[in-house]
Structure formats: structure tokens, C-alpha cells
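Below is one structure, written out as C-alpha cells; the observations come after it.
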Amino acid sequence: MDTAPTPSAAHPVDAVVVGAGLSGLYQLHRLRGLGLRTVVFEAGDDIGGTWYWNRYPGARCDVESTSYSYSFSPELDQDWVWSERYASQPEILRYVHHVADRFDLRRDVVLNTRVTRAAYDEDRHLWSVSTDTGRTVTTRFVILASGCMSVPKDPGIPGADSFTGSTYHTARWPHEDVSFTGKKVAVIGTGCSGVQTIPVIAEQAAALTVFQRTPAYALPAHNRPLRSTEVAELKARYPEFRQAQRLSRGGTVFEPPTRSALETGEAERTATYETAWASGLLSGLLRTYTDILTDEKANETVAEFVRSKIRSTVTDPATAELLSPRTYPFATKRPCLDTGYYATYNLPHVKLVDLRTTPIETITRRGIRTSDGEHILDAIVFATGFDALTGSQLAFDIVGKNGVTLREKWVDGPRSHLGLVSAGFPNLFTVLGPLSPSVLTNIPVSLEQQVEWITDCIAYLRGHGFTEIDATPAAEADWCAHVAELAARTLYPAVASWYTGANIAGKPRGFLAYTGGLDRYREKCDAETRNGYTSFTLSTPPSSKAVSTRRSAPQSSLGL
Ligand code: NA7
């Protein structure tokens, strides 16, 4: 039952959080800790965010479960026990529910409620947040915790409405059981969702046809149940482990590489790659040498190693070649972690269609027609991805100072300081948004860092009597330039991927994440806190003479 409060204009809150996934729930917990009246609006009919929506067969995290979890509560670390090295979607969702119950979070979450508009009142330093249920609430702070991969991409294939069979999108999978037994099934898309679901659907379907435009680099997960002894051993050292995660470059603990791939002999390099391959870690190969993401030749040594693995797994040489990525360097599109992906193509009822040579012309009443003919189908699964990073923030109207919308401001690409605050949109914070480390890191560690920064910032504002914080245009310009400059040192920006916005027609191109590392990013965020938010303009209530300052703080504590 929805027992959450019913905020309205007459009953304002201090903070609105958009989204009840891992970020939103932790943000609620922390703001409550400050004593803020906080409400979370969630479009879904339950909490869980990514792990609520992406319930396709085979959905699983590709970061180890003992790392991909909250670190803020030592008690939580002790009482939750993961069953597998890589947790499945249902287990992660159970974990999210456990956390919500343990910290009594549900009472401030309003489900089935999509935010449709947020408009800033410059005179009162307040946001007015409207929802599709007709509720409008006035609040000082808005935190967008709506996810970096939460707006599914419309594949834009003509004829989709005419198909008389069943269609599914991996990111909007039905809650009831879907059976493919005895069915002729198509999967369109071979990114991480496709790579995870294809082997599982192949186990059921009578015939499976995979429609591939760009092959993935898929690495074996070597998933397995966790042994009770290793769980006990980790729990004994969880505090140190969590601290090491926080200080790490990407939110997982590893020894950074020190040598160049090109300065290493081939035999030694191959042995190193074999060890990384056997590790079952998504970033295992990336961590082998310093220049994998900065030097094409170094990268090619890993790319060719993965291709050799594909050739040794897939028995039909032509299929192996089609599955071998050759048009982009390793890891410049997100690599995938798989269980039995390549071997699935050895099954007699599984077929690969190469859309580069035989593109889809249309979806028909009976199936999919490519330039090579019609494939008759009972079901089509779209594993076609997301409008990543900016999609969820631009999905509704956000109207900032001078009536400018975020869509207008970001028409040529996202702009913000630290990926946290966009100038002209005061008191509006984003978790895991563009221009922050987000998708390049272990998500829970990144979101905790940003949520904690936002919480400290709000505490500072309240403690010093400020009612408004905005990024200065100069700081924002510097940050955007810094993000672009670091990305330009890597192989990422030249590749058409969702990292660069290229998977969405009309989306401005540009590398969307901060490549400098979570450790460096944390240090930059902490410096703002230490220095009293010098890259921001802090203001007192307009009614108390509208003093704006970047440095000196008034003594009174006005709260809200
Ligand atoms: P991705 O990684 O964006 O993969 C989408 C796949 O769908 C990719 O292979 C695309 O090919 C393909 N695609 C997209 N649109 C089409 C059309 N119209 N026709 C044919 N093929 C198409 O999304 P995922 O859901 O797999 O993974 C997203 C992230 O979620 C993942 O990396 C994890 O971080 C979690 P393309 O490469 O564009 O040629």
C-alpha cells in the first residue's frame, strides 16, 4: 500500500528526490538524517530503479556483488549475504527492498508518480514540482536521481506496430513470466543486455535469430555461488575494503597497471591477457596495461586477443568473424560480461544475422524483413539500449532562471559544474548525471560520493542561512573544458557509442562522462566543500535583502 505522504503546494517539503533506485533511496536516507522533509517521486509501481525495470531473462550485474552494494552502513554489510559472485536482477531487487525496509524508507516514497515539470521561482528560491498524478509540490531542493540508463531507446524500426506476435524491450520487461518455449524468437541488439539475454532465451526458444549491427567485446564472467568461507573472510575486512573502494579510481579495488602493452613482449602480454580473461572481471583486461585506452596499437593487442577467444569458441568460422568486433577499439563501447554468449552460436537453432550486410528494411505482420528476405517470428526482443546519461534529465520540463529550460540550455550538449549543478538551475542537483564519473565506475560507490556531497552542501547552506546555490558560469565552463580535455586523451570520443550520444538520432555528440577517475573527481568535489563552495554563488533569502556572496556567510541559521 502507498503510505507515503501526499505533498502539495499547501504542504511543502524541503527536498524532492526524483527516482527511487539506489541513488534516490540513499539520498532520502541522508536528507532525513539532516532533518529535511523529503519526498521521493517514483514513476514505477515499486522501488528499485534499474533493477526494477531491467528484469529480462539473464539480467545480472557485471560488477561483483560484494562490491556492487552500499557501503554506508557497516551493519548492512554484515547482515546481507550475497549468494553469487555476480548477483542476478531478482537478488539485487531483494537487496534494495531489504535496505528500504531496514532504514524505513518506503514511507517517503510516492510510487506510480512521474515528475512532469519542475520550475524555479527566483523570487522565493523554491522549485515547484508537478507530477502526472496532478500533485504539485513546492520545495527548496530537487535532486535528480533518475538514473543514467533509464530512458529506453526507441529502436525506430518501421513497421513495429504491424507485428502480430509479441514484442519486448529488455528495459521494460513484463512482471509476469514470459515463456519462449516452442517459439521463434528474434533479439535485436548485441550490447550488454542482448549479450546477457541471448543465451538464456536460446535455452527456451525453438529458434533464435540474433540481429546484430555491431558486435560486442564479451568477456566471460565465470559466475558461481559464493562460498561461505569467502563471505565470512570478506565480512571480517569489510571496513577496510569499503574504504579502499572509496579511494579507488573506479569504485573497485585493484592494483593499477604500471607498464605499457607495447613495451611488453608478446608472449608475456598474452600470458597477462590470459590471466585477466580467467579472472572473470569486466575490467580485468583494461587493467593490464596503462595504454589500452589511449593508444590504438596497444588497444589492438587486446582486441585481437578477444577475437582469438571468439574464434576458439565459435565453431563456424564465418559466424566467429561476424561476432568479432573490428570497427572500434576494445572498451570504447562498454564491454560486456557474459555467461555462455559465444558458445550459444554453436547451437543448431541459433542464427546470427549481420545487419551491416543485410539491414532491416521493416518489421512486418509476421516478422522482420531484411534486405535478404523475411524472417518469420513469434516474438521480437528489442535489446536496443537507452538514451544514456542525459535522457532522464531531459525527459521532463525543467525551467530554471529567466524561464530557460534545461533542454534549451543543453541543446548542444550537457553543461554543469562537476556534473552536479548546471548554472541557471539553482538548488537542483544530479546524481550519476553527465560530466561525472558515473557509468565509468562501480555505480554504488559513485552515487554514495555524490549523494554525500549533495547532503553536505545542503547542510552547509542551511547552517549558514543560504537559500540558494548556483554554479558560476565560469566554473561550469572550466569543468566542461576539463572533462572534454581529459576525454580527448583517450580513444573514447572518436567512437559512435552511447558514451558519446551517437546511439540517439539528433543527440549532440560529445563524450558524456568524466574520465579522470572517481578518486580525482572526489578530490575536486571535496575541495569545493573545504573551500566554502567558491565555484558557486550562494544567496540568502530574497526577502532578507538578497545578499549574494561566493565566500562570506551570514551567521543566522534560517533553515527553510
Ligand atoms: P547498448 O549497449 O546501447 O546496446 C544496444 C544494442 O542494440 C547495440 O548492439 C546496438 O547496435 C543495437 N541497436 C540499437 N538500435 C538498433 C536498431 N535500430 N537496429 C539494430 N540494432 C540496434 O544497450 P544495452 O541495453 O545492451 O546496454 C546498456 C548498458 O546498460 C550496459 O552497457 C550496462 O551499462 C547496462 P549499435 O552498437 O548501435 O550498432
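The analysis underlying the following values was restricted to heavy atoms, covering all of them including side chains, and did not include hydrogens, waters or symmetry mates. Read the numbers this way: they start at 1 and go in the same order the structure lists the ligands and their atoms.
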Practice prompt. Compare all side-chain heavy atoms of R334 with those of L282 and state whether any distance is below 4.5 angstrom.
Written response: yes
Worksheet item: Quick one: does T214's side chain get under 4.5 Å of Y328's, heavy atoms only?
Response: yes
Side chains of residues 371-379: which donor-acceptor pairs under 3.5 Å do they make with residues two or more places apart or in other chains?
from : atom 1 : to   : atom 2 : distance (Å)
E374 : OE1    : R366 : NH2    : 2.7
E374 : OE2    : T364 : OG1    : 2.6
D378 : OD2    : K184 : N      : 2.7

Discussion item. What does the 4.0 Å heavy-atom contact list look like for ligand 1?
Written reply: M149, K153, P155, I157, I188, G189, T190, G191, C192, S193, R213, T214, K333, R334, L355, R356, A383, T384, G385, F386, W498
Discussion item. Can a donor-acceptor pair be found, under 3.5 Å and without considering hydrogens, that links the side chain of N503 to the backbone of G385?
Written reply: no
Worksheet item: Should we count CZ of R85 as having more than 12 external heavy atoms under 6.0 Å?
Response: yes
Worksheet entry | N-O pairing of R307 and E304 below 4.0 Å | yes
